[in-house]
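What follows is a set of notes on a single structure, which appears directly below.
Below, each value reflects all heavy atoms present in this structure, side chains not excepted, and no hydrogens, waters or symmetry copies. If you're wondering where the values come from, they're calculated on a predicted model, not measured in any experiment. Each chain gets a letter, A, B and so on, in the order the sequences are listed, and its residues count up from 1.
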Protein chains: 2
Amino acid sequence: MTHLTLADCRAMDARDPLAPLRDQFTLPAGVIYLDGNSLGAMPKAALARAQEVITQEWGTGLIRSWNTAGWFELSRRLGNQLARLIGAGEDEVIVTDTTSTNLFKVLAAALRQQQGVAPQRRVIVSERNNFPTDLYMTQGLIELLQSFGGARYELKLIDGPQDLAAALTPDVAVLLLTHVNYQTGFMYDMAEVTAQAHAQGAVTIWDLCHSAGAVPVDLNGAGADYAVGCTYKYLNGGPGSPAFLWVHARHQEGFTQPLSGWWGHARPFAMEPGYDPHAGIKRYLCGTQPIASLAMVECGLDTFAVTDMQAVRAKSLQLTTLFMDLVAQECAGFPLRLNTPVDTRHRGSQVGYEHPQGFAVVQALIARGVIPDYREPRIMRFGFTPLYIRFEDVWNAVAILKDILLTKSWDQPQFHQRGAVT
Amino acid sequence: MTHLTLADCRAMDARDPLAPLRDQFTLPAGVIYLDGNSLGAMPKAALARAQEVITQEWGTGLIRSWNTAGWFELSRRLGNQLARLIGAGEDEVIVTDTTSTNLFKVLAAALRQQQGVAPQRRVIVSERNNFPTDLYMTQGLIELLQSFGGARYELKLIDGPQDLAAALTPDVAVLLLTHVNYQTGFMYDMAEVTAQAHAQGAVTIWDLCHSAGAVPVDLNGAGADYAVGCTYKYLNGGPGSPAFLWVHARHQEGFTQPLSGWWGHARPFAMEPGYDPHAGIKRYLCGTQPIASLAMVECGLDTFAVTDMQAVRAKSLQLTTLFMDLVAQECAGFPLRLNTPVDTRHRGSQVGYEHPQGFAVVQALIARGVIPDYREPRIMRFGFTPLYIRFEDVWNAVAILKDILLTKSWDQPQFHQRGAVT
C-alpha cells in the first residue's frame, strides 16, 4: 500500500462525480458527520416542503388536503419512488408506520403462508446480533400466538453467517436477516442466501435498514419474499420518518396481515363494519399516517434523483476502503480491532472498530466535531454516506482519531459518563 | 324557544371567555371550519416548532438531538401533558404510533388479562357503527390467533347503546366502545358503562378519538381499563399526528403487549437479543417515532394551556345547542333528520343530520366555504371546536345551509361526483 496523503484525498474529491450532490444537504459547520447510517443529514429541500405541508396543506387546505394535496396516496407514491433504489416494481412498496410494526406485519404474513403449506415448520432463524427490535418483534408475535394456545414457534439465533447453512433445517419456516448488519457492516449476498433458504423450504424476510440508499439492492432479482426498512438513515427522510415495506407480488394477495386498519381496506370511506383488504400492497397499510414526517421522505428520496445505486456503491467502497487504509496507516499500534469485512462483496457502507474504551473515544471524537456512533460492545461505528461525505472528510476524521488516541484525550471523566446514547 | 338573531350570536361571542383562544390558530379567510373533529386547525405555534425541529434539531443537532433535544422522551412527555385532559395520571399515557396500532396493543393486553382469569370469556363486544378501524383491528387480531390454532374469539356488534346491557353476557371478555360516536355524536357515560362492564366481568377499552379535547374525560375517575385516541382532531396535533394510549396503572405491569419493539425495552441501547419490557407505560412503545409530526402535538396540546375541559365543555354545549336551535328555526321543512342526541348528557361536540342528498349538500357547503364532513350513509357531520369556533360562525353556517337547501344549489352535477371523500 502506498502512503496516502491529504493531497490524495483531495484529488479523489476533485474527480468524484457525486461531489456536487453534497450541496443538496445542510451540514453544520465544523462537523464531520459519519453517522448518516443512524440519522441521515437534512436535505435543504426538507424545510420548504414541511412549511408547505404545515401552512398551505394543513393551515389553509385543512381537511380538504387529504384529497387535494394527495395525502391519501402519499404512502404509495413514495413507495413507488423508493422502489427503484431496492429493485422493486410498481406498487410493491409502501412507506408507512415503523420498521418494527412493518416487520410484525410481514412476519405474520410469512408464517401464515408457511402454515398453509408446511405447518410443521415452526422455527424462525435470525442472528444473535441482528438489530434487536427485529428479534423483539419476533418474540412478541411468538409469545402472542403461544399465550392464546396457538402454534408454538421458536426463534433460533445463529452467531453469524458461518452458521447459516447448518441452521436451515427442515423445521425452518422463516429466515429473518438484516441485509447489512448494524454492528459489523457485514452484507449478505441476498440472491445466494434467498436461494439457499428457498432450497430448504424457508421464506425470507430482509431488513434493509442499513441497505436502502447505501448499497444496491435487487429484491426482485434475488427472488426475495418480504422486506422492511427505514427511511431515516441513508434515505435522509428525517428523524423517525415512516418506514417501508415490500412484499413480492406473488405473495401480496394470499392473505391479509393482522394489523388490518382502515387504511388497508378496499373501501375505507364506505365505513363498512367488516374488513375487506385492498388489492395488492395497500393492504399492508394500517392507520392514519403522520403527514409532515411522511412528506419529507420525498425530499430524502429526491437526493438520489440524479444518481443511481451503482455510482453510490462505487463511491461508498472508495470511502470505506480509504478509511480502513488510513486507520491502518495512521493508527497502527493502537488497540483498534476492525469488525467490518475487508471483502467488498460483504461490506456495507460503514466501518466499525472495537476499542477497549470505545464509548469514551466516541465521546471524545464528538467533542472534536467528528460524529460516529457507538454500539455495544465497545464498537465505534463510522458510517459513510456517499451523497455528502468527502474523501477529505475521511482524512480529517482519521487525523482527529489519531490525535485523540495519541494524547489519550478520551481518558477524561466527562467522556465516560453514559446517558442514553444513540 | 325565542327567535334567535345574528345579534344574539354576536352577544354570545362578546361574553365568551374562550373567545381570545381563537387567535392561537391560523384559519383561512372565508372559511367556517366545522370539521375540527376530523382534522383540527393549525396552531400558529406549529410552524415555528417544526422549523426548529427541522433546521436546528435535525439539521444542526443531527443524531445528537435524540438526547439533547429530548426526542427519546417526547412520547412520554407529551403523554403527561395530555393526561390532564383525560383524567389520567403521571406516566399513564404515551403519545405514539396510530390509533389502530395502539388499539391492537391494548386489545391484545386486555384479552391476555382475561385469558389469565377467565379463559372461557371469548367475546369482544362493540358497536356496528363504531369507527370501522376499531372493528377491523379487532378482526385482525381474532383472525391471527385463530389462523394459528389459538383461542377462537368472536366480535359481537350491537346496534346501539340500547342493546348494551343485554350484550354483556358471561362470555364477554372485552367491551370496546368509542366514547363519542363518530357518526352520531352519542356519548356514553363512561363511569356508568365501565361499572356495568366490570359488574359482568368484562374489561373496557375506550376509544377517545372524538372525546379528547372535546369533552371532559375522567379515565381514572371512571375506573376504566384501557384507552386509545388520536391527537389530530380536537387536540390539533396536525395531519396524522401520532396517537395516544392509556393503561390503568393496575394493568401496566401485568404483561407485555405483542408489538414489543425496541422503544419499549427496559434497556434499548444495551442491544440485548432478548426482550425485557420497560417498567410502566413505556412498554407500549414500539418503534422509532416520526419526530417532526410528534413534536407538533405539543403545540396542539398547548392550545389548552389557559383553559380547562369544563370551560371547553360549557362552550361546546352552547355551540351545538345553538346550531340545533338555528337549524330548527331556519331550516324547518327541509328533509333534515337530526342524528345526534338532544340530551346533553349524551352529546359530544358534533351535530349530525341525515339528508337524502347529504353528500351533495356537503359538497355545496364546501364550495361556499362552510366545511363540515360527510359520513356514510347520508350524514352531514358538523364539528364544533370551542377553541376556535365563534357563535357568529354558527349563525353564518346555518344561513348558508338554508340558502343551499332553498335554492337547491346542491342539485348540480359537480356536487354529486364522489372521489375519496374524507
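The closest donor-acceptor contact from the side chain of B/Gln139 to the backbone of A/Pro273 lies under 3.5 Å. Side-chain atoms of A/Glu376 never come within 3.5 Å of backbone atoms of B/Met271 as a donor-acceptor pair (strictly under, hydrogens ignored). Under the 3.5 Å distance criterion, the side-chain polar atoms of A/Ser293 are matched with a main-chain donor or acceptor of B/Ser293. Side-chain N or O atoms of A/Thr288 include none that pairs as donor or acceptor with a backbone N or O of B/Gly240 at under 3.5 Å. Remark: the backbone N or O of A/Ser147 is paired with a side-chain donor or acceptor of B/Gln115 at under 3.5 angstrom. No donor-acceptor distance shorter than 3.5 angstrom exists from the side chain of A/Trp262 to the backbone of B/Leu135, with no hydrogens or angles considered.
Contact annotation: the side chain of B/Ile63 approaches that of A/Tyr33 to within less than 4.5 Å [non-hydrogen atoms, C-beta and beyond]. Considering only heavy atoms from C-beta on, B/Tyr136 comes within 4.5 Å of A/Glu272 through its side chain. Considering only heavy atoms from C-beta on, B/Phe148 stays 4.5 Å or farther from A/Arg152 through its side chain. A 4.5 Å side-chain heavy-atom check between B/Leu39 and A/Trp58 finds at least one atom pair inside the cut-off. Residues B/Leu144 and A/Gln257 fail the side-chain proximity criterion, which asks for heavy atoms closer than 4.5 Å. Residues A/Leu62 and B/Asp35 fail the side-chain proximity criterion, which asks for heavy atoms closer than 4.5 Å.
If you measure heavy-atom distances from A/Leu111 to chain B, the contacts under 4.5 Å come from both the backbone and the side chain. For A/Leu259, the parts sitting under 4.5 Å from any heavy atom of chain B are the backbone and the side chain alike. There is no contact between B/Asp276 and chain A, counting heavy-atom distances below 4.5 Å.
Between chain B and the options A/Trp71, A/Phe255, A/Phe131, A/Tyr232, the largest number of non-hydrogen pairs under 4.5 Å is found for A/Phe131. Top candidate by heavy-atom pairs under 4.5 Å with chain B, chosen from A/Gly274, A/Gly264, A/Ala108, is A/Gly274.
A salt bridge links A/Glu143 with B/Arg112; the closest basic N to acidic carboxylate O contact falls under 4.0 Å.
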